[in-house]
Amino acid sequence: MILRRKEKAGQWNRKHLLGLRDLTAAEITHILDTAKGFEHLSRQSIKKAPPLRGKTVVNLFFEDSTRTRNSFTLAASRLSADVIEFTKKTSSVSKGETLLDTAKNLEAMGIDIVVLRHNAAGAPAILARSINACVVNAGDGYCEHPTQALLDTYTIREKKGSLKGLKIAIVGDIAHSRVARSDMWAMTKLGAEVTFVGPPTLMPSGVDKLPVKVSYSLDEVIEKVDCINMLRIQFERLGGNPFPSVREYSHYFGLTVERMKRAKKDILVMHPGPINRGLEIESEVADGPNSVILEQVSNGLSVRMAVLFLVNQAAAQKA
Ligand code: NCD
């Protein structure tokens, strides 16, 4: 029993979650198993447990967010932490204060965990080197969005039992998507075959060096895959015009009712949100029987509870 406990503790000893690229399959599995253990909490009438009592989590969001921010807030409060909400618009960042000064000032108030969303890739890693609190990446530029990929992976594992041998398509604006990158790391490490699908103009440079297949035709891929993750076009990040018109994009890369007729009967339809209905996915498909989009959101809560719990535990062990 003592040995088993030691083994369990040994599966996670990181006080930061910066990305999934450097994580082992065992570490990812450990987060998913821990999330499974928290799932019941959301079904209880009193949705509270004490593991983070007396701890303070700050949601430090330099970019807009609906799901991720609220999910972290709820996850932290369900584990009894105090939560500080920080937004760029209402803070002194609008007066020129830097990320590091902001974080150091918050740290001076005794915070324990920083959940950071930032438009600069690598911002969470810089913060982790500069402050003592735990840092959790809630999306950095085009780089990573680890908790989104963990909740995607969790959802697939719940529905299909395992990711081993599954064929997964990630479709759309791969070049500007941190979700695509983190999904790729999590899903391939757990044994799935991932195909990036989209127009050549929305593929990242160096895609040939990534552990994925690449396709420029959704029609070629749709019949073969067990899961399909539809991405939003990140209009706010686009420089030029990567396709002639939105209509043309939808025609070739949209998940339509017509295309779904050729998909496997039990295909899982996923989307990280926010959805642009009628653009990358038709409403009938987003709300249809194969869609697990809202389950992804529910699972996000368990996954974020697990992440906050694990980084806090690792910090306590290192102290
Ligand atoms: C994603 C993000 O912000 O990277 N959304 C999310 O966190 N659920 C994807 C997107 O904005 O399209």
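Whatever order the structure lists ligands and atoms in, that order sets their numbers, starting from 1.
Scanning the protein for heavy atoms near atom 11 (O) of ligand 1, the closest one is Arg232 NH2, 3.0 Å. Here the heavy atom of the protein found nearest to atom 10 (C) of ligand 1 is Gln234 NE2, 3.2 Å. In this structure, atom 3 (O) of ligand 1 lies nearest to the protein heavy atom Arg178 NH2, 3.0 Å.
The heavy atom nearest to atom 7 (O) of ligand 1, considering only Arg69, Glu63, His145, Arg67, is found in His145.
A side-chain contact (heavy atoms from CB on, under 4.5 Å) with Met230 is found for one member of Val171, Val285, Ile293 and no other, namely Val171.
Taking the six-membered ring for Trp and thresholds of 30 and 60 degrees, Phe243 and Tyr249 have ring planes inclined between 30 and 60 degrees apart.
Checking only distances, Arg117 does come within under 3.5 Å of ligand 1, N or O to N or O. Any N or O atom pair closer than 3.5 Å counts here, and Gly273 shares at least one such pair with ligand 1. For the pair Pro272 and ligand 1, the shortest N or O to N or O distance falls below 3.5 Å.
Minimum interatomic distance between Met203 and Val197 (heavy atoms only, all atoms of both residues): CE-C, 3.6 Å. What you find for Met260 and Ile267 is that their closest heavy atoms are CE-CG2, 3.9 Å.
Taking the ring centre of Phe61 as origin, the terminal cationic atom of Arg69 falls inside the region bounded by 6.0 Å and 45° from the ring axis.
Applying the 4.0 Å criterion to heavy atoms of Pro274 picks out, from ligand 1, the atoms 10 (C), 11 (O), 12 (O).
A distance below 6.0 Å separates the ring centres of Phe62 and Phe86.
Ligand 1 has no atom lying under 4.0 Å from any heavy atom of Ser177.
For Arg237, the CZ atom counts as densely surrounded, since its 6.0 Å shell holds more than 12 non-hydrogen atoms of other residues, nucleotides or ligands.
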